[in-house]
Structures are given as structure tokens and as C-alpha cells.
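A short worksheet on the structure shown next.
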Amino acid sequence: MTTRQIPNHKLWMAAIKPPMYSVAIMPIWVGSCVAFAQTEIFDGVLFTIFATAAILILAWENITNDVFDAETGIDKNKHHSLVSLTGNKQLMFWLGNLCLILGLSGIIAIAWLQRDPTVIGLILLCCSLGYVYQGPPFRLGYKGWGEVLCFFAFGPVGMTAAYYSQTQNWSPTNLAASVIVGIVTSLVLFCSHFHQVKDDIAAGKRSPIVRLGTQRGAEVLVWFTASIYVICLLLVVLGIFPFWTILSWLSLPFGVKLCGHVWKNHHLPEKVSDCKFIAIGVHFWSCLLLGIGFILG
């Protein structure tokens, strides 16, 4: 099926990417579960506000990413770009900024309820990392730094904010868990490059897959994915994580499916283009089960 034959509603769903928003929720979920495991404190109101704010902030990142990519021409063959679908780059820019304002309003509400501005500072740092990844004049994602920025924004910084929102305190265990969440979130971004190597090269984007090539990228993906489970097991053995966090290994079949799919189709853009959604499955189930493991532990 050519792009012209794809129904309009499917293009819109591909542009909005609903499954992607679990990426915003999971750092808050795991951070809150670690907080509950250590303090038996869980504030459902704060969790709901934070999760909603995170979804809005990620919406800002996704929308403005389409806007900024439209400026470089890298999305000329991406028919499910929001800018391509609406034909109105300015509207998308301001819609993205509205999402950011609403999301930050939720974070400000948390800080006001706690009488503590720390969470605001942490989330502003996350937003800054998101902007330098995609926004001019930085565009660090074009220089191959996207996965590193993603690791810190959704891992150590984002999860620290989530833990702090529940406890107004810090935790080495939460920081250790944030390494796993950061890696598995970066995995999603890493997988999004396999199918667009030609467009990236044409636009001067030096993504990891452009630098490595799809074959070596597929090899790196195997080690990248395996590290999630190895780190979790190591932390359980060292007594840093409770035994029940080994439940995250139940997501291993998704990891095997991801690696096998990319290994077989890394050089076939049309077939490998859906690997980021398999990666989202790895992300969702590994993080969900990791959080449950902390609760049970």
C-alpha cells in the first residue's frame, strides 16, 4: 500500500502516536512505586497531576519536533507529520506551546501544594533537554546526541522528580532504577532511526544508525536491550532492588521479538519502520513490571 492509499485517519493516528505517551507515564510510575516501597507513601492526586502534566509536555515535544523538522526538510517524505497533515506550521507551533504551558501549570500546582519548588526545577531541566534535542540553534539530535539526552530526561532527572513529588526527598535506589528506565526509553528513540537513514543523511542528521549503519545498529540493539535485564538482575543480587523486581524479566519476550525483527529487517525501511512500536512494548511492560516488583517487595 502506497502512502497515497493509506486512509487519512491512519495517517492522523500515526502522527499523534497514542502508544508513545506511555513513555511519559512510566518514569512517574516507577519513581512513585520506589517511593511507596521505601516510605509507604502514595499520593494519588499528585500522581495523577504529574502523569497528566508529563503527557502534555511530551505532546509539546512531539508537536514541536514536527515543526522543527519541517524547517530542515527532513520530514519531506513523512506524510504523517502533523505539519504535513495540517499544512499549518504556525498553528502546530502554538498548539505545542499551549501543551507545554498546560503541562508546566500542573507541575507548578504540585510545587504549590508541597510548598517546595524543587520539582519545577527538575522538570524545567527535562524540558531544556527536550528543547536542545530538537530546537534551533542546538538541534543536538541531528548530531547524534538524542539518545543521551533522552536517557537523562526520562531517566535520572525525570524519575528523581517523580520520586521527589511523592516524598520530598532523594533516593539512591530510585536513581539506580532510573538507569533502567532511561535506557529502555532511549531504546525507543534508537529504534525510530532504522527506517529513515536516507532522509537523515539527506538532511545532515548524524543519528546513531547513520553513524553505525543498520547492520551494526542491529548488533548494538541486542546489547542495548540485554542491558536492561542484566542491570536489573545485578541490582537484585546486590540487594539494592527487592527480589520481586525480577518480574521485569517477564517482558523479555518483547525484547527478543524486537531484536529478532530488527536483525532480520534492519536494511528494509518499510518492514523495520514499526520496530519503535515493539520497543514501546518493551518499555511499557518492563517498566510496569519493575514498578509492581517494588510494590510487592
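Looking only at side-chain heavy atoms (C-beta outward), M159 and V30 come within less than 4.5 Å of each other. Inter-residue side-chain proximity for Y133 and L140 is flagged as unmet; no heavy-atom pair is nearer than 4.5 Å. Residues P172 and L175 have side chains not in contact (no heavy-atom distance under 4.5 Å, counting atoms from C-beta outward). Counting heavy atoms from C-beta on, the side chains of T225 and L221 come closer than 4.5 Å. In this structure the side chain of F68 reaches within 4.5 angstrom of the side chain of Y131, judged on heavy atoms.
Of all the heavy atoms in F194 and T214, the pair that sits closest is CE2-O, 3.6 Å. Considering every non-hydrogen atom in both P27 and V23, the closest pair reads CD-O, 3.1 Å. Shown here for C275 and V262, the closest heavy-atom pair between the two residues is CB-CG2, 3.6 Å. Closest approach of I57 and C127 over heavy atoms only: CG2-SG, 3.9 Å. D200 and S207 get closest at one heavy-atom pair: OD2-OG, 3.5 Å. Pairing each heavy atom of W60 with each of C99, the nearest pair is N-CB, 4.0 Å.
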Show the atom names and distances, to 0.1 Å, of all donor-acceptor pairs under 3.5 Å that link a side chain in residues 151-158 to residues at least two apart or in another chain.
none

Distance-only donor-acceptor hits, side chain of residues 114-126, under 3.5 Å, sequence neighbours excluded:
unit_1	atom_1	unit_2	atom_2	d
Q114	NE2	S165	O	2.4
R115	NH1	W112	O	2.3
D116	OD1	T118	N	3.0
D116	OD1	T118	OG1	2.7
D116	OD2	Y164	OH	2.5
D116	OD2	Q168	NE2	3.2
T118	OG1	Y164	OH	3.4

Expected list for residues 31-46: side-chain donor-acceptor pairs under 3.5 angstrom, two or more places apart:
unit_1	atom_1	unit_2	atom_2	d
S32	OG	I28	O	2.7
Q38	OE1	Y163	OH	2.7
Q38	OE1	S171	OG	2.9
Q38	NE2	S171	OG	3.4
Q38	NE2	T173	OG1	3.2
T39	OG1	A35	O	2.6
T39	OG1	I41	N	3.1
D43	OD1	V45	N	3.0
D43	OD1	L46	N	3.1

Show me the side-chain donor-acceptor pairs of residues 281-297 shorter than 3.5 Å, one per line, residues at least two apart or across chains.
unit_1	atom_1	unit_2	atom_2	d
H283	NE2	T185	OG1	3.1
S286	OG	V282	O	2.6
S286	OG	H283	O	3.3

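The distance from atom NZ of K276 to atom SG of C191, rounded to the nearest 0.5 Å, is 10.5 Å. Taking CD1 from I110 and CD from Q166, the interatomic distance works out to 8.5 Å, rounded to the nearest 0.5 Å. Rounding to the nearest 0.5 Å places CD1 of I183 at 8.0 Å from OG of S186. For the atom pair CG of L100 and CG of L95, the computed distance is 11.5 Å after rounding to the nearest 0.5 Å. The CD1 atom of I107 lies 10.0 Å from the OG1 atom of T52; values are rounded to the nearest 0.5 Å. Put simply, CG on N97 and CD1 on I63 are 9.5 Å apart, with the number rounded to the nearest 0.5 Å.
Judged by distance alone, with hydrogens and angles left aside, the side-chain atoms of R206 form no donor-acceptor pair with the main-chain N or O of G144 at under 3.5 Å. At least one donor-acceptor pair under 3.5 Å links the side chain of H261 to the backbone N or O of K271. A donor-acceptor pair under 3.5 Å is formed between the side chain of Q134 and the backbone N or O of N65.
Linking Ile, Leu, Val, Met, Phe, Trp and Tyr residues whenever their side-chain heavy atoms come within less than 4.5 Å places L234 and I231 in a single cluster. Neither F50 nor I101 shares a network with the other; the hydrophobic side chains, linked directly or stepwise wherever heavy atoms of I, L, V, M, F, W or Y lie under 4.5 Å apart, form separate groups for each. Both I278 and L250 belong to a common hydrophobic cluster when Ile, Leu, Val, Met, Phe, Trp and Tyr are linked at side-chain heavy-atom distances under 4.5 angstrom.
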side-chain contact (heavy atoms from CB on, under 4.5 Å) evaluation trace for I49 with L113 | CA-CA 11 Å; I49 295 173; L113 289 168; 4.3 Å; yes

side-chain contact (heavy atoms from CB on, under 4.5 Å) evaluation trace for Q215 with H266 = CA-CA 7 Å; Q215 175 67 56; H266 63 86; 3.1 Å; yes

Could you check N62 against D66 for side-chain contact (heavy atoms from CB on, under 4.5 Å), going step by step and ending with a plain yes or no?
-> CA-CA 7 Å; N62 288 338; D66 280 359; over 6 Å; no

Should S227 and V230 be marked as a side-chain contact (heavy atoms from CB on, under 4.5 Å) after you check the CA-CA gap, both sets of side-chain angles, and the distance that decides it?
-> CA-CA 5 Å; S227 70; V230 172; 5.5 Å; no

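A donor-acceptor contact under 3.5 angstrom links the side chains of E147 and H193, judged on distance only. Checking D274 against H195 by side-chain atom types alone, no donor-acceptor pair falls below 3.5 Å.
In this structure, R216 places its CZ atom where only 12 or fewer heavy-atom neighbours from other residues, nucleotides or ligands lie under 6.0 Å away.
Clustering of Ile, Leu, Val, Met, Phe, Trp and Tyr by side-chain heavy atoms under 4.5 Å joins W263 with V222.
Pairs passing the ring pair (Phe, Tyr, Trp, His ring centres under 6.0 Å) check and including a residue from residues 216-239, sequence neighbours excluded, read F190-F224, Y229-W249.
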